[in-house]
Participant: 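To start, I am sharing the structure in question, which I have written as structure tokens.
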Amino acid sequence: MAALDLLDRRLIDTYQRGLPICERPYAAMAEQLGVSEAEVVARLQALQDEKVLSRVGPVFDHARAGASCWRRWRCRKRCVTRWPR
């Protein structure tokens, strides 16, 4: 695996901490990083192929997505009660 350059590091940071929620998130990332959308997609694919990124997919903050505390508590309780004692 080749060493990560500054753009790779900035891309990973942007991808992990602030993936834009819009119709074309990779284009928005590209604009923020000063590169083309194709470059962002190609680099993300290369990082995934090299196992630098293990998975490409969303991670949701349930509270921000609208899940209430009650709903989360009920889900946890339901899941926990299924564990063997």
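This chain uses plain numbering: 1 for the first residue, then up along the sequence.
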Participant: Please step through side chain to side chain contact (heavy atoms under 4.5 Å, CB included) for the pair L7 and E39, ending with a clear verdict.
Facilitator: CA-CA 10 Å; L7 180 56; E39 174 98 16; 4.0 Å; yes

Participant: To the nearest 0.5 angstrom, please state how far the CG atom of L33 sits from the CG atom of L11.
Facilitator: 6.0 Å

Participant: May I have the step-by-step check of salt bridge (charged side-chain N to carboxylate O under 4.0 Å, His left out) for D5 and R43, ending in yes or no?
Facilitator: CA-CA 11 Å; D5 65 12; R43 284 194 179 234; 3.0 Å; yes

Participant: Measuring from atom CD of E31 to atom CZ of R24, what distance do you get when rounded to the nearest 0.5 angstrom?
Facilitator: 11.0 Å

Participant: I need the minimum non-hydrogen distance between R10 and Q32, along with the two atoms involved.
Facilitator: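 Distance-wise, the nearest heavy atoms are NH2-O, 3.8 Å.
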
Participant: Less than 4.5 Å apart, side chain to side chain, heavy atoms only: is that true for L47 and L4?
Facilitator: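 The answer is yes; the side chains approach within 4.5 Å.
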
Participant: Looking at every non-hydrogen atom in both residues, tell me the closest pair between A30 and E37 and how far apart they are.
Facilitator: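 In terms of heavy atoms, the two residues are closest at CB-N, 3.5 Å.
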
Participant: Going by heavy atoms in the side chains, are Y26 and L44 under 4.5 Å from each other?
Facilitator: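 Sidechains of L44 and Y26: in contact.
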
